[in-house]
Amino acid sequence: MPRLPIQPDQHFSLDATLGCGQVFRWEKEGGWWHGIVGSERIKVRQTSRFLQFSGCSTRTLTDYFQLDLDLESVLSSIRKDPLVEESITRCEGLRIIRQPAWECLASYICATYANIPGIKRKISLLAKIYGQPFVSGQEIYYSFPSADALAVSGLGSDGYACSLGYRSPYLYETARQIAADKGWDDRTRNLPFDEARQNLLRLKGVGPKVADCVLLFAFGRYEAFPVDVWITRIMQKCYGRSDLTSYEKIARVGREYFGHYAGYAQEYLFCNREAIVRRSRNRRGE
DNA sequence: ATCCAGGAGTCAG
DNA sequence: CTGACTCATGGA
């Protein structure tokens with residue numbers, strides 16, 4: 001089985017990276033992580049200095065986990081206060097994954113106002129119904145459904161499939177848009193940040209949160225600062241910014257405060273959210 | 001049972 | 001611009 005060395009000066013934690021809720025098609029079983037990315041079924045485990053893996057190329061794995069990114073310099077740029085400091089310590093080695101763009105976009109449309117176990121369930125169901133089956137080892141897996149596949153699916157008409165609820169017509173509509181727009185991926189990648197964001201916001205089911213997640217997790221725009229209920233709580237109660245009420249205000253302050261890699265700061269804070277919020281509750285005696 | 005979840009669309013002020 | 005309401009579903 002191939003293995004990939006992890007440079008001693010570059011922290012990487014497979015558990016932190018796959019377990020923090022940025023991807024939805026990975027499970028850990030007996031020390032090994034199993035995941036489906038696009039139409040590859042990947043198996044990975046981390047030993048002290050190596051990643052042992054099968055199911056994809058070294059290049060794919062390096063790109064997916066962004067192992068060439070100099071994490072230490074990213075972290076030194078966002079180390080602004082004890083709260084991020086602690087989050088960086090507790091989530092040591094967390095890296096932002098480079099997801100396939102369509103898969104990321106569709107996944108986060110499904111993710112709106114749902115919790116992580118529920119999101120995983122929806123996406124697995126979606127793949128099983130509309131994805132391409134493929135064999136790996138003894139088992140059958142399902143690729144993430146292409147935009148083309150969803151564009152000719154029944155998502156728009158036959159009621160609410162895949163228990164996507166009200167997200168179903170949004171996903172269908174956006175799939176049709178993307179299917180009809182060849183090169184969407186590369187074109188968006190090359191746009192300036194605000195323009196790329198504006199373009200994403202025109203898609204059905206894509207608001208500021210989903211747009212920022214796609215910019216961050218698929219297009220490597222690390223200045224994107226996705227704001228969810230947890231980040232709102234953290235900014236308001238832990239950073240003492242109860243004046244920040246709207247999404248755009250929180251996102252702007254996040255970008256100004258943490259800088260170019262604000263998205264990385266967001267991800268570390270999100271990863272450490274339970275500890276942060278629990279402590280702030282205790283201090284308040286709630 | 002009840003509340004909430006990595007929200008977005010729509011419409012009213 | 002902000003606020004209120006609705007949307008469908010499953011997890012805790």
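Numbers restart at 1 for each chain; the letters A, B, ... are given by sequence-line order, proteins then strands.
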_Can you pull out the residues from residues 197-230 of chain A that lie within a 4.0 Å heavy-atom distance of DNA chain B?_
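Within this stretch, A:Leu203, A:Lys204, A:Gly205, A:Val206, A:Gly207, A:Pro208, A:Lys209, A:Val210, A:Pro226, A:Asp228, A:Trp230 sit under 4.0 Å of the strand.
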*Which residues, if any, of residues 79-108 of chain A bring a heavy atom under 4.0 Å of DNA chain B?*
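Residues of residues 79-108 of chain A that come under 4.0 Å of DNA chain B do not exist, since none gets that close.
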*C:dG10 and B:dA1: how far apart are their C1' atoms, nearest whole angstrom?*
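Nearest-Å result for C:dG10 against B:dA1 at atom C1': 15 Å.
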*Nearest-angstrom distance, P atom, B:dG6 to C:dG3*: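 Going atom to atom, P in each nucleotide, I get 23 Å.
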*Test ring-ring contact (aromatic ring centres under 6.0 Å, His included) on A:Tyr257 and A:Phe225 and set out the steps.*
CA-CA 11 Å; A:Tyr257 179 60; A:Phe225 193 82; 9.4 Å; no
Would you say the side-chain atoms of [X] and [Y] include a donor-acceptor pair closer than 3.5 Å?
| X | Y | value |
| --- | --- | --- |
| A:Ser163 | A:Arg121 | yes |
| A:Asp15 | A:Trp33 | yes |
| A:Asp228 | A:Tyr247 | no |

*If the sugar-phosphate is the primed atoms plus P, OP1 and OP2 and the base is the rest, what is the B/S/- string for nucleotides 1-12 of chain C, using protein heavy atoms under 4.0 Å?*
-S----BBSBSS
*asked:* Closer than 4.0 angstrom, basic N to acidic O: yes or no for A:Glu223 and A:Arg255?
replied: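 A salt bridge is absent here (no side-chain N lies under 4.0 Å from a carboxylate O).
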_Within one Ile-Leu-Val-Met-Phe-Trp-Tyr cluster: A:Leu201 and A:Phe193, side-chain cutoff 4.5 Å_ =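 In one cluster: no.
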*Would you kindly give the CZ-to-C1' distance between A:Arg233 and B:dG7, to the nearest whole Å?*
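Taking CZ of A:Arg233 and C1' of B:dG7, I get 14 Å after rounding.
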*Does the A:Gln66 side chain pair with the main chain of A:Asp63, one donor and one acceptor, at a distance under 3.5 Å?*
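A pair under 3.5 Å: yes.
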